[in-house]
Amino acid sequence: HPTLLQPYSERAKTATHPLSRYLFRLMDLKASNLCLSADVTTARELLALADRVGPSIVVLKTHYDLISGWDYNPQTGTGVKLAALARKHGFLIFEDRKFVDIGKTVQMQYTAGTARIIEWAHITNANIDAGKDMVRAMAEAAANWKARIHYEVKTSVSVGTPVAGQFDDGEEQNNGGSDRDSDGRKGSIVSITTVTQSFEPADSPRLAKTNEHGDELVFPGIEEPPMDRGLLLLAQMSSKGCLMTKDYTQACVEAAREHKDFVMGYVAQEALNSAPDDNFIHMTPGCKLPPPGEEENGHVEGDGLGQQYNTPAKLITLLGTDIVIVGRGIIQAADPPTEAERYRRKAWKAYLARLS
Ligand code: 5BU
């Protein structure tokens with residue numbers, strides 16, 4: 001497929017989703033196709049790790065529900081602090097939530113509840129086993145969220161019970177020209193309430209770009225990401241015995257094409273672009289390098305709990321995915337920032353090898 005041989009800077013120009021265009025440019029700028037899976041146990045460790053490894057990565061993947069001490073405060077909590085680190089270092093936040101339910105439920109899980117994922121995660125993902133309508137439901141939730149960004153006006157009009165004779169004199173009432181409610185019932189308007197509420201997302205471009213000491217709070221060289229939210233479809237998994245069939249993966253491809261303005265691409269183990277104008281991005285977990293100095297043969301031993309590992313070279317050069325997702329390979333190293341750099345260089349080299 002043509003996207004296998006195209007530089008990310010070129011794919012940035014033709015991707016449909018604004019966040020994909022941004023991400024491809026960020027990858028080109030930082031020479032990085034590395035995502036850190038920040039599976040540490042406390043919020044404090046998460047923020048410290050994001051700050052240290054931020055320069056090497058373009059995406060930080062979270063599982064907010066395995067972090068203890070996650071602060072849910074929508075103004076000062078962990079999501080907001082992560083969003084600030086993302087602005088500072090130039091990476092996107094991907095909450096690996098794997099939504100799967102009926103459309104209405106996923107809308108509520110995505111936008112509300114304790115974590116309010118949509119407020120701080122640029123990207124999340126979904127398993128479409130429950131049917132692809134939930135992708136439309138999430139797209140709708142994201143569009144509504146975006147529309148609310150600057151202000152929100154809610155007007156509710158309540159109509160009381162008709163009072164005999166009140167409107168029967170042939171005169172229009174002084175209530176905007178109608179004495180009927182929206183269902184055509186006659187009645188008297190009891191109250192009109194208008195609520196205006198300003199709303200600023202955690203990574204708004206309107207936030208300050210420097211602090212009181214003049215320190216830069218924004219990654220230089222590229223503008224801040226667009227105020228859009230994106231979805232990755234869980235098309236294939238890395239684990240042994242995964243039950244996702246070829247038909248399921250194909251259904252993901254079809255759903256992605258139907259929702260190009262919301263679906264950025266896939267979490268998958270191989271490239272899935274096949275139609276001439278497909279330009280979806282592929283992120284791939286189950287990635288590990290052998291220890292420094294040891295020979296690479298593409299495969300690294302699994303974790304004994306079903307996880308299987310491939311090297312960046314195999315995933316990016318041979319199987320054609322775009323971003324490798326690395327967790328324990330980096331987190332458990334003696335010095336995570338140094339190890340992250342080793343992964344960044346290897347994964348970038350694998351991408352350059354694919355191009356040539
Ligand atoms: P590891 O420590 O690099 O094995 O962590 C992998 C991460 O990616 C972990 O957060 C998993 O939940 C996540 N993951 C995965 O391993 N395989 C998959 O197919 C998907 C997610 Br989808």
Side-chain angles (χ1 to χ4, degrees), residues 33-43 45-46 49-50 53 56-68 70 82 91-100 117 121 123-130 135 230-246 248-249 251-253 255-256 263-272 280-291 298-316 319 321-334 336 339-340 342-344 346-347:
N33 48 353
L34 177 63
C35 166
L36 173 71
S37 182
D39 304 325
V40 289
T41 52
T42 66
E45 285 171 274
L46 169 70
L49 186 67
V53 173
S56 302
I57 60 175
V58 285
V59 179
L60 180 98
K61 187 174 84 61
T62 54
H63 282 296
Y64 82 89
D65 59 351
L66 57 72
I67 303 279
S68 70
W70 186 280
L82 263 188
F91 59 76
L92 297 180
I93 302 167
F94 163 25
E95 166 55 35
D96 188 1
R97 172 63 179 73
K98 303 183 179 72
F99 287 100
V100 52
I117 291 166
I123 304 170
T124 187
N125 56 354
N127 174 321
I128 67 161
D129 265 330
V135 178
L231 187 71
L232 298 173
L233 299 182
L234 197 57
Q236 294 168 330
M237 288 195 66
S238 58
S239 41
K240 199 169 142 197
C242 172
L243 300 175
M244 291 169 173
T245 60
K246 280 204 165 64
Y248 167 81
T249 303
C252 288
V253 171
V263 175
M264 298 170 68
Y266 312 101
V267 179
Q269 294 294 310
E270 62 187 344
L272 299 174
F280 294 105
I281 196 159
H282 308 81
M283 301 198 195
T284 306
C287 178
K288 207 168 198 175
L289 280 168
H299 182 76
V300 173
E301 182 139 6
D303 70 354
L305 292 172
Q307 177 67 300
Q308 307 179 111
Y309 290 115
N310 290 300
T311 60
K314 177 161 174 204
L315 294 170
I316 304 275
L319 298 172
T321 71
D322 297 303
I323 291 182
V324 289
I325 300 175
V326 182
R328 285 164 287 182
I330 292 173
I331 295 168
Q332 292 180 347
E339 193 65 352
R342 187 166 82 98
Y343 275 87
R344 184 195 63 76
K346 291 270 189 183

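Counting convention: from 1, in listed order, for ligands and their atoms alike. Every value quoted in this text rests on a predicted model; they were computed, and no experiment measured them. Computed over heavy atoms, backbone and side chain alike; hydrogens, waters and symmetry mates excluded.
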Which residue is it: H282, K61, M283? I am looking for the one with a side-chain contact (heavy atoms from CB on, under 4.5 Å) to I323.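 Of H282, K61, M283, side-chain contact (heavy atoms from CB on, under 4.5 Å) with I323 is met by M283 alone.
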Exercise. Heavy-atom distances under 4.0 Å are what count here, so tell me which part of H63 touches ligand 1: side chain, backbone, both or neither.
Key: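 Just the side chain.
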### Task
Specify side chain, backbone, both or neither for Q307, according to which of its non-hydrogen atoms lie closer than 4.0 Å to ligand 1.
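The answer is the side chain of Q307.
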Using only atom types and a distance under 3.5 Å, with no angle test, would you say the side chain of [X] pairs donor to acceptor with the backbone of [Y]?
X    : Y    : value
Y343 : L289 : yes
Q269 : Q236 : no
H299 : Y309 : yes

Just checking, is any N or O donor in the side chain of Q308 or S238 under 3.5 Å from an acceptor N or O on the other one?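 Their side chains do not contain a donor-acceptor pair, so the 3.5 Å distance test is not met.
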inquiry  = Taking the side chain as everything from C-beta on, heavy atoms only, tell me whether I316 gets closer than 4.5 Å to K346.
reply    =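 Sidechains of K346 and I316: no contact.
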Nearest-contact summary for [atom] - protein heavy atom, Å:
atom                    : answer
atom 7 (C) of ligand 1  : S37 OG, 3.4 Å
atom 3 (O) of ligand 1  : G327 N, 2.9 Å
atom 10 (O) of ligand 1 : D39 OD2, 2.6 Å
atom 17 (N) of ligand 1 : S238 OG, 2.7 Å

Compare G286, G306, P285 and give the one whose heavy atom is closest to atom 20 (C) of ligand 1.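 Result: the heavy atom closest to atom 20 (C) of ligand 1 is in P285.
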Which atoms of ligand 1 are found less than 4.0 Å from any heavy atom of [X]?
X    : result
D96  : 12 (O), 13 (C), 21 (C)
L234 : 22 (Br)
R328 : 1 (P), 2 (O), 3 (O), 4 (O)
V267 : 22 (Br)

Exercise for the section: Check V300 against K288 and note the closest heavy-atom contact, atom names and distance. Expected result: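 Looks like CG2-O, 3.4 Å.
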For T62 versus L46, what's the shortest heavy-atom pair and its separation?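 Smallest interatomic distance, heavy atoms only, reads CG2-CD1, 4.4 Å.
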- Query: Any N/O of Y309 closer than 3.5 Å to an N/O of ligand 1?
  - Reply: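 Between Y309 and ligand 1, an N or O pair is found under 3.5 Å apart.
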Check: Can an N or O of Q269 be found at a distance shorter than 3.5 Å from an N or O of ligand 1?
Finding: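 N/O-N/O distance below 3.5 Å does not exist for this pair.
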